[in-house]
Amino acid sequence: MSRPRTPAGAKPRNAARGGRLSGHPAEIMQRINVSIDLDKRLYAQDIAGSLAHCAMLVARRIISPEDGEAIARGLEKIRAEIEAGKFPFRVEHEDIHLNIETRLGELIGPAAGRLHTARSRNDQVAADFRLWVRDAIDHLDRQVTLLQAALIDQAGAHAATVMPGFTHLQTAQPVTFGHHLLAYVEMLGRDRSRLADCRKRLNECPLGAGALAGTSFPIDREKTAKALAFDNPSANSLDAVSERDFALEFLACCAICGMHLSRFAEEIVLWLSAPFGFIRLSDAYTTGSSMMPQKRNPDAAELVRAKTGRFLGAFASLLTVMKGLPLAYSKDMQEDKVPVFEAADTLELCLAATTGMVGDISVDKAAMRRAAETGYSTATDLADWLTRNLGLPFREAHHVTGALVKRAEELGTTLADLPLKEMQRIEPRITAAAREILTVEKSVASRTSLGGTAPALVAAAAKTARARFLGGKKEAKPK
Ligand code: ARG
């Protein structure tokens with residue numbers, strides 16, 4: 001391939017060192033300064049931003065249409081080179097912005113130098129990074145939706161599958177497995193709405209802020225903002241180049257969503273353990289032990305549970321970078337990318353693994369039901385019966401039921417199997433009807449208050465959730 005020659009002066013200059021710095025940077029200076037290995041991930045956003053800026057410069061007659069066209073063609077070529085893995089990334093050109101600018105010079109000659117008119121790397125990186133986070137939000141939103149879809153599918157199938165509900169991890173009252181899963185669908189719905197909020201606030205275009213003060217060129221900030229699908233140009237040039245609260249908000253969103261995934265992962269670990277035995281995962285989502293041949297370990301769930309630490313670390317790391325930084329840009333801010341990339345990658349992985357596990361879960365209904373029957377889980381139902389049928393104040397009914405539980409415990413029986421005679425020794429007005437409501441099925445069926453666990457409600461809630469979160473799609477199978 002014949003390359004246009006670099007303009008007079010032979011080797012490509014480092015654009016950022018310019019005429020001011022004539023000596024070479026120390027090797028260690030370069031090592032601490034360089035960010036290309038990381039920020040090459042911004043290439044698509046950087047090219048999109050440059051194309052928008054270039055078109056605006058042409059429209060405002062700041063550069064000629066010929067130069068504009070050469071620049072645009074060169075940028076497209078660079079995009080193709082990067083995507084084909086043929087782009088010569090070079091550490092001596094620091095970051096993605098200077099790598100692309102330098103390459104553009106090699107490809108199209110001196111016209112490349114006009115692209116940076118009325119622009120600084122400060123507004124450039126601020127725009128690129130916002131675009132990147134915006135894309136990440138859109139991608140994560142789709143992924144969370146897939147997880148919701150998987151949960152809703154299981155919830156619909158298990159609207160009437162009874163399991164013990166816990167408080168303090170002690171058996172509390174029977175609930176249905178579908179109801180339990182739909183709780184996570186709600187959490188994930190809020191995670192999505194948090195991401196959407198973050199997206200709304202970040203969607204302002206910093207381009208045109210220049211290094212910090214704006215520019216003397218007659219630019220059109222509305223035009224670049226619109227070309228990049230930003231809602232509007234940011235109002236203050238100092239703020240535009242120096243704020244990273246959009247990234248912090250994103251990290252907070254990731255941390256909260258990661259925490260939700262971690263709670264769910266912990267439940268998978270519990271349910272899968274032998275003493276619970278509520279669910280099974282296939283070989284696809286479990287691992288064996290190198291020593292104990294009988295083991296089937298939920299490693300994926302454990303790792304999802306553990307990765308919350310990374311989100312918190314990422315958030316703390318960027319908040320610490322930003323704390324106490326004076327306006328406007330400081331190089332400290334180059335450190336914003338590690339935590340954001342790390343959090344986005346980790347969340348994407350956790351979401352995919354969790355979605356896979358949810359689809360893989362098979363439920364041992366008998367084991368869940370057996371567990372739901374232990375621990376006097378229907379004691380509240382009995383107290384409610386005493387209140388409703390004998391007119392006892394609830395506190396009194398609570399007391400009487402406590403005595404009944406104690407008696408059942410002494411006789412080694414469940415509440416439902418406690419003989420009527422024994423019951424009547426404690427409260428003579430109890431009738432046989434009371435014993436009938438004490439099964440776990442009757443218990444869940446009676447929880448018909450709004451948002452309750454009655455199977456009919458859960459089946460309806462699964463349907464509503466499909467409409468609320470999946471746009472009514474019947475089945476949203478992960479790809
Ligand atoms: N690589 C830099 C960053 O990510 C780009 C901005 C550099 N600006 C500067 N004035 N040195 O922050």
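Worth knowing before you read on, the calculation uses all heavy atoms, side chains too, and leaves out hydrogens, waters and symmetry mates. Both ligands and their constituent atoms are indexed starting at 1 by order of listing.
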Worked check of ring-ring contact (aromatic ring centres under 6.0 Å, His included) between Trp271 and Phe177: CA-CA 11 Å; Trp271 296 338; Phe177 188 52; 5.3 Å; yes
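- Checked for salt-bridge contact, Asp135 and Arg41 miss the test: no charged N lies under 4.0 Å from a carboxylate O.
- A cation-pi arrangement is not found for Arg221 relative to Phe230, the charged atom failing to lie both closer than 6.0 Å to the ring centre and inside a 45° cone about the ring normal.
- Remark: Glu186 engages Arg468 in a salt bridge, criterion side-chain N to carboxylate O under 4.0 Å.
- Using a 4.0 Å cut-off to heavy atoms of Ser35, the atoms of ligand 1 that qualify are 1 (N).
- From the protein, the heavy atom lying nearest to atom 3 (C) of ligand 1 is Tyr329 OH, 3.2 Å.
- In the vicinity of His97, heavy-atom distances shorter than 4.0 Å reach the ligand 1 atoms 5 (C).
- Using a 4.5 Å cut-off on side-chain heavy atoms (C-beta onward), Leu351 and Glu348 make no contact.
- The nearest heavy-atom contact from the protein to atom 11 (N) of ligand 1 is Arg121 NH2, 3.5 Å.
- Scanning the protein heavy atoms around atom 5 (C) of ligand 1, the nearest turns out to be Asp95 OD2, 3.5 Å.
- The protein atom (non-hydrogen) at minimum distance from atom 2 (C) of ligand 1 is Gln334 OE1, 3.2 Å.
- A salt bridge links Glu106 with Arg103; the closest basic N to acidic carboxylate O contact falls under 4.0 Å.
- Contact annotation: for Glu94 versus ligand 1, there are no heavy atoms closer than 4.0 Å.
- Inspection of the Arg447 and Thr453 side chains reveals no N or O donor paired with an N or O acceptor under 3.5 Å.
- Contacts between Lys337 and ligand 1 below 4.0 angstrom, taking non-hydrogen atoms only, involve the side chain exclusively.
- Of the protein's non-hydrogen atoms, the one nearest atom 8 (N) of ligand 1 is Asn122 OD1, 2.8 Å.
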